[in-house]
Amino acid sequence: MPITPATATHSSSNGTADAILLELVDENGVTIGTAEKLSAHQPPGQLHRAFSVFLFDERGRLLIQQRALGKYHSPGVWSNTCCGHPYPAEAPFAAAARRTYEELGVSPSLLAEAGTVRYNHPDPASGLVEQEYNHLFVGLVQAELRPDPEEVAQTAFVSPAELAERHAADTFSAWFMTVLDAARPAVRELTGPSADW
């Protein structure tokens with residue numbers, strides 16, 4: 001398996017390597033423990049906290065990304081602006097802002113909560129499972145993107161019609177439509193009726 005920031009260990013303050021831990025939750029999103037990131041995604045999967053971000057430009061187009069080919073989970077597929085997992089005890093909002101900057105090199109000019117969604121999506125290509133209690137965020141991006149090539153292969157801003165065309169022609173993450181559909185009420189409120197989301 002390739003070593004990426006998602007699978008690599010990171011150094012703690014005392015210089016030792018620590019595994020990346022996720023926050024395990026119950027069906028109501030209440031924290032019940034922690035698990036190492038990869039083990040939480042191995043079948044049948046452990047329900048854990050996650051987040052998904054949907055950022056839009058001034059024309060109401062959604063920023064989507066193609067995940068880097070070196071990622072251990074769902075490499076090379078298109079997905080929403082940014083997604084990931086808070087560290088244990090990290091607020092989902094803070095994690096969403098942090099990972100958006102880490103992956104895309106940009107901070108949202110606006111970021112707002114857009115509800116939660118719970119899903120179970122196996123990924124046939126990797127054999128891993130997404131059992132997630134996902135916190136949704138919508139917002140605006142106005143700065144120039146500086147994607148990290150270890151995380152993001154490419155990006156695109158798409159209208160609803162362009163997204164439908166891409167979704168028919170390209171491979172998207174197993175969770176993409178679930179999180180987009182759950183976020184649509186907040187997306188419509190953010191972008192207005194003319195954007196047609």
Side-chain angles (χ1 to χ4, degrees), residues 1-8 10 20 37-38 41 50-86 92 95-112 114 117 119 121-128 130 132 134-184 186-187 190-191 195-197:
M1 171 176 34
I3 299 298
T4 70
T7 58
H10 57 88
I20 294 176
K37 184 174 184 176
L38 186 56
H41 289 88
F51 63 83
S52 290
V53 177
F54 298 86
L55 296 182
F56 297 82
D57 68 7
E58 68 283 350
R59 293 168 49 191
R61 297 179 303 168
L62 171 62
L63 172 60
I64 58 174
Q65 67 156 283
Q66 184 183 32
R67 295 164 62 86
L69 294 175
K71 292 182 78 72
Y72 80 105
H73 189 350
S74 302
V77 303
W78 287 89
S79 199
N80 48 294
T81 307
C82 178
C83 55
H85 309 91
R98 171 181 58 80
R99 280 304 288 166
T100 300
Y101 185 80
E102 290 171 357
E103 290 189 13
L104 296 161
V106 66
S107 295
S109 57
L110 171 74
L111 191 64
V117 63
Y119 53 79
H121 285 302
D123 175 35
S126 68
L128 300 176
E130 288 289 5
E132 293 189 332
N134 197 305
H135 297 257
L136 307 171
F137 298 92
V138 299
L140 301 173
V141 61
Q142 295 173 307
E144 182 179 347
L145 303 177
R146 298 183 314 278
D148 178 349
E150 291 188 4
E151 297 288 341
V152 180
Q154 57 182 315
T155 61
F157 283 95
V158 294
S159 67
E162 291 165 338
L163 178 61
E165 288 175 13
R166 278 182 176 264
H167 198 263
D170 294 322
T171 303
F172 276 71
S173 63
W175 61 87
F176 176 73
M177 287 308 299
T178 300
V179 292
L180 176 58
D181 286 345
R184 277 187 200 275
V187 167
L190 175 74
T191 60
D196 204 28
W197 287 102

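Scope of the values below: all heavy atoms of this structure, side chains included, with no hydrogens, waters or symmetry mates.
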Is there a side-chain contact between R146 and Y101 (heavy atoms, below 4.5 Å)?
yes
Closest heavy-atom pair, P86 versus R98, reported as atoms and distance to 0.1 Å, is CA-NH2, 4.5 Å
Rounded to the nearest 0.5 Å, what separates atom CD in E150 from atom CD in E102?
12.0 Å
With sequence neighbours excluded, tell me which residues meet salt bridge (charged side-chain N to carboxylate O under 4.0 Å, His left out) with E165.
none
Taking the side chain as every heavy atom from C-beta outward, state whether P92 and F137 have any pair of such atoms under 4.5 Å apart.
yes
For residues 166-173, which side-chain donor-acceptor pairs fall under 3.5 Å, sequence neighbours excluded?
| from | atom 1 | to | atom 2 | distance (Å) |
| --- | --- | --- | --- | --- |
| S173 | OG | S79 | OG | 2.8 |
| S173 | OG | W175 | NE1 | 3.4 |
| S173 | OG | F176 | N | 3.3 |

pair R67-E103: side-chain heavy atoms closer than 4.5 Å
no
Do side-chain atoms of R99 reach the backbone of H85 as a donor and acceptor pair under 3.5 angstrom?
no
To the nearest 0.5 Å, what is the distance between CZ on F56 and CG on L140?
9.0 Å
Any non-hydrogen side-chain atom of L104 less than 4.5 Å from a side-chain atom of L63?
yes
Counting only heavy atoms not in F157, do more than 12 fall under 6.0 Å of its CZ?
yes
Test of understanding: with side-chain hydrogen bond (donor to acceptor under 3.5 Å, both in side chains), list the residues that count as partners of Q66, not counting sequence neighbours.
Q154
Heavy atoms of P160 and A195 approach each other most closely as CG-O, 3.3 Å
Under the 3.5 angstrom rule, does the side chain of N80 hit a backbone N or O of V53 as a donor-acceptor pair?
yes
Could you pull out the closest heavy-atom pair between P124 and P122, with the gap in Å?
CD-O, 3.5 Å
Spatial distance of atom SG (C83) from atom CZ (F54) [nearest 0.5 Å]:
8.5 Å
Indicate yes or no: at least one non-hydrogen side-chain atom of I20 is less than 4.5 angstrom from one of L38.
no
Partner of S52 under side chain to side chain contact (heavy atoms under 4.5 Å, CB included), picked from V138, V179, V117, T178, is V179
Taking the side chain as every heavy atom from C-beta outward, state whether L163 and L180 have any atom pair closer than 4.5 Å.
yes
Would you give the length of the straight line joining atom CD1 of I64 to atom OG1 of T155, rounded to the nearest 0.5 angstrom?
9.0 Å
Measure the spacing between OG of S126 and NZ of K71 and express it to the nearest 0.5 Å.
12.5 Å
Could you tell me whether the side chain of T81 reaches within less than 4.5 Å of the side chain of V141, counting heavy atoms only?
no
Would W197 and L190 satisfy side-chain contact (heavy atoms from CB on, under 4.5 Å), going step by step from the backbone distance to the final call?
CA-CA 10 Å; W197 287 102; L190 175 74; over 6 Å; no
